[in-house]
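For the single chain, residues carry numbers from 1 onward in sequence order.
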Amino acid sequence: MTVDKSSIHITGNNEIFLENCRRIEEYNEVFIKVKTKRLYVEVWGNDLRAFDFKTDSLIIRGRISRIELIEKGEKS
């Protein structure tokens with residue numbers, strides 16, 4: 001049985017590493033919304049950039065001010 005668990009690693013307020021991402025739903029310099037199997041991960045900040053979207057992982061860099069986790073089925 002394969003379990004699809006997402007992991008989030010935060011380095012200060014300038015880098016997030018997300019594992020097991022499905023896709024990037026929205027992306028601009030102040031907001032990035034990423035879909036995982038069970039959650040939406042919303043990242044707010046300034047000068048946000050997405051890197052290395054390969055092997056279902058993503059690095060987000062910039063000045064991060066807020067991270068929100070929303071279960072699928074909830075309004076986002």
Next on the checklist: Apply side-chain contact (heavy atoms from CB on, under 4.5 Å) to residues I32 and E42 and explain how you reach the verdict.
Outcome noted: CA-CA 6 Å; I32 298 177; E42 295 184 349; over 6 Å; no

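- Of all the heavy atoms in F17 and I59, the pair that sits closest is CD1-CG1, 3.5 Å.
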Checklist entry - Going through the distances and angles, do H9 and E19 end up as a side-chain contact (heavy atoms from CB on, under 4.5 Å)? => result CA-CA 9 Å; H9 305 272; E19 292 179 311; 3.5 Å; yes

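- What you find for A50 and Y27 is that their closest heavy atoms are N-OH, 2.8 Å.
- The NZ atom of K35 lies 12.0 Å from the SG atom of C21; values are rounded to the nearest 0.5 Å.
- For CD of E15, the number of neighbouring non-hydrogen atoms (other residues, nucleotides, ligands) closer than 6.0 Å is greater than 12.
- For the side-chain contact (heavy atoms from CB on, under 4.5 Å) criterion with I60, the lone passing option out of N14, L18, I10 is L18.
- Nearest approach of K72 to T36, heavy atoms of both residues: NZ-O, 2.7 Å.
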Item to check | side-chain contact (heavy atoms from CB on, under 4.5 Å) evaluation trace for E26 with I24 | outcome: CA-CA 6 Å; E26 292 182 49; I24 299 171; over 6 Å; no

Checklist entry - Would L69 and I8 count as a side-chain contact (heavy atoms from CB on, under 4.5 Å) if you check the C-alpha gap in whole Å, the side-chain angles of each, and the deciding distance to 0.1 Å? => result CA-CA 11 Å; L69 306 176; I8 302 172; 3.6 Å; yes

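- In this structure, the separation between CG on D52 and OG on S57 is 9.0 Å, given to the nearest 0.5 Å.
- Residues K33 and Y40 share a closest heavy-atom pair of CE-CD2, 3.5 Å.
- Of all non-hydrogen atoms in L48 and V43, the two that sit nearest each other are CD1-O, 3.6 Å.
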